[in-house]
**Q** 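My questions all concern the structure below.
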Amino acid sequence: MANFSKSTVPQFSVDVYQNEFLPEGGRDVSAIVTVTSTGGGTSGQRLHGPGGGGTAGVVIMVDCSGSMDYPSTKMRGAREATAAAVDTLRDGTSFAVVAGTHVAKEVYPGNGGLAVADARTRAEAKESLRRLSAGGGTAIGTWLRLADRLLASADLTIRHGILLTDGRNEHESPEELRAALDACAGRFTCDARGVGTDWEVKEVTGIASALLGTADIVADPSALAADFTAMMEHAMDKGVADVALRLWTPVGVEISFVKQVAPTVEDLTGRRTEAGPRAGDYPTGSWGDESRDYHVSVRVPQASIGQEMLAARVSLIAPDPAGGDPRPLSQGLVRAVWTDDLAMSTSINPQVAHYTGQAELADVIQQGLDARKSGDHDGATAKLGRAVQLAAASGNADTAKLLSKVVDVVDAATGTVRLKAKVAEADEMTLETRSTKTVRVKR
């Protein structure tokens with residue numbers, strides 16, 4: 001492993017876990033790539049310093065559609081949550097607040113740009129929240145496009161959005177929302193939250209997925225302030241943006257897939273952008289002090305016993321602040337070695353096995369909930385039973401607890417379950433929203 005980081009940016013390391021041994025004729029190579037960043041969050045120098053010289057920007061988008069008044073605790077909770085997020089802004093961070101209905105309106109600072117956080121602007125922003133009131137429809141694409149324009153109005157290194165909605169995106173077409181997400185992808189990251197139970201899970205998780213953020217449910221509006229505070233603290237700890245996972249492969253090697261598998265499952269395969277001969281970049285967003293795992297699967301040419309080859313080189317790439325070529329931060333190697341030792345070639349790497357199971361867990365939960373909604377009780381029982389089995393085997397206690405609110409578990413080890421006759425809507429939505437959350441493999 002090589003490390004090319006400088007003191008002015010977080011330190012990145014790449015570790016590769018795999019069984020490199022293949023039988024004669026074997027072609028499929030899998031590896032778990034663990035990327036760890038240190039010094040970019042609370043323990044290191046941030047790129048956004050105090051005194052107005054910072055390069056971080058955050059836009060908070062608050063749903064102000066008519067449904068936010070039913071019950072009125074949602075609008076009140078949204079104001080309190082936004083005020084708590086504003087209080088969490090560090091001095092020097094650029095920010096704005098947007099009210100979202102069927103149109104988007106900048107509530108603060110209101111001049112088509114961003115304010116710079118200090119005691120005065122935080123107080124002004126919180127005072128402006130008194131003007132937030134419910135009325136109108138929902139067109140989330142307009143909120144995102146306004147956030148993009150505001151973030152583009154300043155010279156920023158970290159660009160982030162926080163979006164809250166309580167309803168379905170009924171005042172623009174799915175195509176319009178998709179076009180807005182496509183336009184904003186790669187320009188800023190965004191965490192999305194659904195409050196209450198009248199919103200569409202796939203819309204909120206789709207926004208977070210497209211913009212490389214997190215998604216979650218806040219069923220009780222009184223919990224919004226704590227959630228917004230935690231989201232803003234997480235955003236404030238980012239130290240470097242626009243990091244890409246670069247995969248270089250030799251001639252003859254085919255890429256099967258590239259997935260983030262921890263802390264959540266996110267398929268990055270289709271997001272590749274070409275980066276020179278036989279190299280492609282996969283976006284990972286912004287980083288602070290954290291560690292993530294990626295599953296890389298490639299298909300190599302057939303070879304004879306005793307041969308070995310470099311199957312792939314994985315690098316972390318970040319933009320050059322001076323505008324030059326992207327900088328390599330760290331790299332790791334994926335290898336292939338052909339052997340006639342059956343024990344060596346049939347051994348499954350524990351990390352690969354664990355995350356293959358976690359990806360399947362996310363898939364079968366979604367399939368099971370979809371089957372349940374469509375009335376396919378047998379299909380739902382089978383899929384959710386498999387989910388219970390996988391969650392138990394991998395030690396994913398949080399997901400197992402969520403599953404137990406949707407099914408009665410007869411035997412977790414065999415995946416024997418019965419669908420509950422009555423399930424609270426919030427419990428079902430929580431399971432669906434958090435289905436992609438994984439547990440780290442124990443090393």
Side-chain angles (χ1 to χ4, degrees), residues 14-19 28-36 201-202 205-206 208-209 212-217 245 247 255-271 282-285 287 290-298 314 332 334 347-371 380 382-407 409 411-417 427-443:
V14 172
D15 294 292
V16 176
Y17 301 91
Q18 66 163 138
N19 175 21
D28 293 317
V29 178
S30 276
I32 298 301
V33 178
T34 295
V35 178
T36 302
V201 171
K202 287 182 174 61
T205 56
S209 175
L212 299 173
T214 64
D216 208 349
I217 179 175
L245 192 75
L247 192 61
I255 297 169
S256 300
F257 61 78
V258 178
K259 296 178 182 178
Q260 177 184 286
V261 287
T264 59
V265 177
E266 189 67 60
D267 194 343
L268 303 176
T269 312
R271 303 191 190 188
Y282 301 84
T284 69
W287 288 72
E290 58 189 302
S291 182
R292 306 180 201 171
D293 291 334
Y294 298 87
H295 188 170
V296 174
S297 178
V298 299
V314 184
V334 180
S347 175
I348 300 176
N349 177 269
Q351 284 83 358
V352 172
H354 174 83
Y355 285 122
T356 299
Q358 293 290 285
E360 183 189 354
L361 173 59
D363 286 342
V364 293
I365 288 174
Q366 189 61 64
Q367 292 165 9
L369 291 176
D370 287 345
K383 294 296 184 183
L384 294 174
R386 176 60 176 157
V388 166
Q389 185 182 34
L390 288 165
S394 64
N396 196 329
D398 289 343
T399 298
K401 184 177 180 180
L402 295 176
L403 282 162
S404 70
K405 296 184 178 183
V406 178
V407 297
V409 180
D411 186 342
T414 62
T416 305
V417 303
D427 289 336
E428 184 175 11
M429 292 177 71
T430 301
L431 174 60
E432 184 175 5
T433 305
R434 299 179 183 173
S435 63
T436 61
K437 292 188 177 181
T438 58
V439 290
R440 302 296 294 271
V441 66
K442 295 178 181 179
R443 300 194 173 102

**Q** side-chain contact (heavy atoms from CB on, under 4.5 Å) for E360 and L390? Distances and angles first, verdict last.
**A** CA-CA 8 Å; E360 183 189 354; L390 288 165; 3.7 Å; yes
**Q** The test is side-chain contact (heavy atoms from CB on, under 4.5 Å); show your working for V314 and Y294 and say whether it passes.
**A** CA-CA 10 Å; V314 184; Y294 298 87; over 6 Å; no
**Q** Just one of V33, D15, I32, V35 clears the side-chain contact (heavy atoms from CB on, under 4.5 Å) bar with D293, so which one?
**A** I32
**Q** Looking only at non-hydrogen atoms, find the nearest pair between L384 and V364 and report the distance.
**A** CD2-O, 4.5 Å
**Q** How long is the straight-line distance from CZ of R434 back to CG of L402, given to the nearest 0.5 Å?
**A** 6.5 Å
**Q** With a 4.5 Å limit on heavy-atom distance, are the side chains of Q18 and V334 in contact?
**A** yes
**Q** Indicate whether any N or O donor in one side chain lies under 3.5 Å from an N or O acceptor in the other, for D216 and T433.
**A** no
**Q** Before you tell me yes or no, could you show the steps for I365 and L361 under side-chain contact (heavy atoms from CB on, under 4.5 Å), namely the whole-Å CA-CA distance, both residues' side-chain angles and the distance that decides it to 0.1 Å?
**A** CA-CA 6 Å; I365 288 174; L361 173 59; 3.9 Å; yes
**Q** Of all heavy-atom pairs between T269 and Y282, which one has the smallest distance, and what is that distance?
**A** O-CE2, 3.8 Å
**Q** How many angstroms lie between OG1 in T436 and CD in Q358, if you round to the nearest 0.5 Å?
**A** 11.0 Å
**Q** Could you please spell out the steps behind the side-chain contact (heavy atoms from CB on, under 4.5 Å) verdict for T205 and Q366?
**A** CA-CA 12 Å; T205 56; Q366 189 61 64; over 6 Å; no
**Q** Any heavy-atom pair between the side chains of K383 and D363 that's under 4.5 Å?
**A** no
**Q** For the pair Q260 (side chain) and V265 (backbone), establish whether a donor and an acceptor sit closer than 3.5 Å, ignoring hydrogens and angles.
**A** no
**Q** Using every non-hydrogen atom in the two residues, find where V261 and T438 come nearest and quote the distance to one decimal.
**A** O-OG1, 2.7 Å
**Q** Report the distance from atom CG of N19 to atom CD of Q351, rounding to the nearest 0.5 Å.
**A** 11.0 Å
**Q** For the CD1 atom of I255 and the CG atom of L247, what is their distance to the nearest 0.5 Å?
**A** 4.5 Å
**Q** CD/E428 to CD1/I217 distance, rounded to the nearest 0.5 angstrom?
**A** 10.5 Å
**Q** Of the non-hydrogen atoms in V352 and Y17, which two are nearest, and what is the gap between them?
**A** CG2-O, 4.2 Å
**Q** Of the non-hydrogen atoms in A262 and R440, which two are nearest, and what is the gap between them?
**A** CB-CD, 3.5 Å
**Q** Please determine, by modelled atom types, if S291 and T36 share a side-chain donor-acceptor pair under 3.5 angstrom.
**A** yes
**Q** To the nearest 0.5 Å, what is the distance between OG1 (T264) and NZ (K259)?
**A** 12.5 Å
**Q** Please determine whether a side-chain nitrogen of the Lys or Arg among R292 and E266 lies less than 4.0 Å from a carboxylate oxygen of the Asp or Glu.
**A** no
**Q** With sequence neighbours excluded, tell me which residues meet ring pair (Phe, Tyr, Trp, His ring centres under 6.0 Å) with H295.
**A** F257
**Q** Holding to salt bridge (Lys or Arg N to Asp or Glu O under 4.0 Å), I want the full list of residues that pass it with E432, two or more places apart in sequence or in another chain.
**A** K202, K373
**Q** Minimum heavy-atom separation for A353 and I348, please, with both atom names.
**A** CB-CG2, 3.7 Å
**Q** Checking side-chain polar atoms at under 3.5 Å, does S394 have a donor or acceptor matched by the opposite partner on N396?
**A** no
